[in-house]
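As the structure is a prediction and not an experimental result, all values here were calculated from the model. Both ligands and their constituent atoms are indexed starting at 1 by order of listing. In what follows, residues are counted from 1 in the order of the sequence shown.
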Amino acid sequence: MTQPILKLEGVVKSFGRNEVLRGVDIDVAPGQSLVVIGGSGSGKSVMLKNALGLMTPDAGKVFFDGHDVTQSKGKTRERMRARVGMLFQSGALFDSLTVWENVAFRLIHADGVKRRDAKERALATLKKVRLGSDVAGLYPAEISGGMQKRVSLARSIISEPDLIFFDEPTTGLDPITADAINDLIIEQVRSLGAATVSITHDMASARKIADEVAMLFEGKIIWRGKASDVDHSGNEYVDQFVHGRADGPIQPAI
Ligand SMILES: Nc1ncnc2c1ncn2[C@@H]1O[C@H](COP(=O)(O)OP(=O)(O)OP(=O)(O)O)[C@@H](O)[C@H]1O
């Protein structure tokens with residue numbers, strides 16, 4: 001089997017008595033697209049943060065391209081981050097920077113690329129997500145939510161990463177704009193040949209962008225399979241979730 005680009009092995013994370021992750025095992029092959037589904041508060045973001053190194057697991061391991069990065073800091077972690085892109089929930093753009101400065105942020109501040117060259121690359125990347133140079137000089141507050149997501153997508157792909165994390169990429173968008181974002185994600189991820197790990201509540205998005213779907217429930221991955229099998233998984237938890245039923249083994253989070 002090909003070496004996974006990302007692998008979580010028995011990852012455990014608690015906050016006080018709240019045992020959020022209770023042994024998460026998951027791996028993603030290069031170029032593959034995995035979508036992790038799960039209810040509100042099930043620990044999807046915590047899982048992502050542990051994978052990215054923004055949180056350290058209490059137990060278990062995180063491997064990036066075969067290297068154990070669980071405890072890595074400094075240069076080793078930076079080397080991993082250089083190969084990873086991230087689209088945060090709500091876009092997380094810097095309000096005080098223009099669109100192109102947001103897109104080029106990593107190039108200027110981490111990679112030491114000259115401002116002029118970084119701008120050129122930012123403009124080329126914005127073009128890939130169908131945003132013209134007229135938008136590049138605007139501030140995030142001056143563009144729509146759908147455009148902000150496109151800017152975030154451009155920012156996540158500018159370094160041509162091998163692995164991209166998408167945290168709720170379609171949240172807050174109408175279904176048509178969400179679908180256009182999904183199309184852009186698929187197009188750009190394919191052209192990079194990157195692997196992706198996405199977390200979402202949006203089943204339309206999951207169905208569209210995933211090769212495989214995994215479900216997180218009570219701190220563990222309880223099902224994993226092809227996206228095309230998600231409607232007949234034979235798992236009552238998955239079934240309840242994908243059909244959005246309040247009745248079933250999963251209790252609504254209210
Ligand atoms: N830094 C933190 N300190 C304490 N508790 C935290 C922290 N981060 C997350 N949690 C807790 O971990 C649990 C899982 O949260 P998480 O945000 O991962 O859920 P989620 O599945 O991403 O939810 P949603 O789909 O609603 O975004 C919650 O109970 C949350 O309160």
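Distances from atom 26 (O) of ligand 1 to the heavy atoms of Gly43, Ser42, Ser40 put Ser40 nearest.
When heavy-atom distances to ligand 1 are checked against a 4.0 Å cut-off, Val20 comes that close only through its side chain, counted from C-beta outward. For His201, every heavy-atom contact with ligand 1 shorter than 4.0 Å involves the side chain, none the backbone. If you look at Asn18 next to ligand 1, the close heavy atoms, those under 4.0 Å, all belong to the side chain.
Among protein heavy atoms, atom 27 (O) of ligand 1 sits closest to Ser45 OG, 4.1 Å. Shortest contact from atom 2 (C) of ligand 1 to any protein heavy atom: Phe15 CE2, 3.5 Å. Scanning the protein heavy atoms around atom 15 (O) of ligand 1, the nearest turns out to be Val46 CG2, 4.1 Å.
Trp100 places none of its side-chain heavy atoms less than 4.5 Å from the side chain of Val151.
No more than 12 heavy atoms of other residues, nucleotides or ligands shown are found within 6.0 angstrom of NZ on Lys119. Within a 6.0 Å radius of NZ in Lys7, no more than 12 heavy atoms belonging to other residues, nucleotides or ligands are found. In this structure, Lys220 places its NZ atom where only 12 or fewer heavy-atom neighbours from other residues, nucleotides or ligands lie under 6.0 Å away. The environment of CD in Glu120 is sparse: at most 12 heavy-atom neighbours from other residues, nucleotides or ligands sit within 6.0 Å.
Taking CD from Glu142 and CD from Gln148, the interatomic distance works out to 11.0 Å, rounded to the nearest 0.5 Å.
Taking 4.0 Å as the cut-off, Gly39 counts as a neighbour of ligand 1 on heavy-atom distance. Taking a 4.0 Å cut-off on heavy atoms, Gly41 registers as neighbouring ligand 1.
Among the candidates Asn182, Asp179, Thr170, the single residue satisfying the side-chain hydrogen bond (donor to acceptor under 3.5 Å, both in side chains) test with Lys208 is Asp179.
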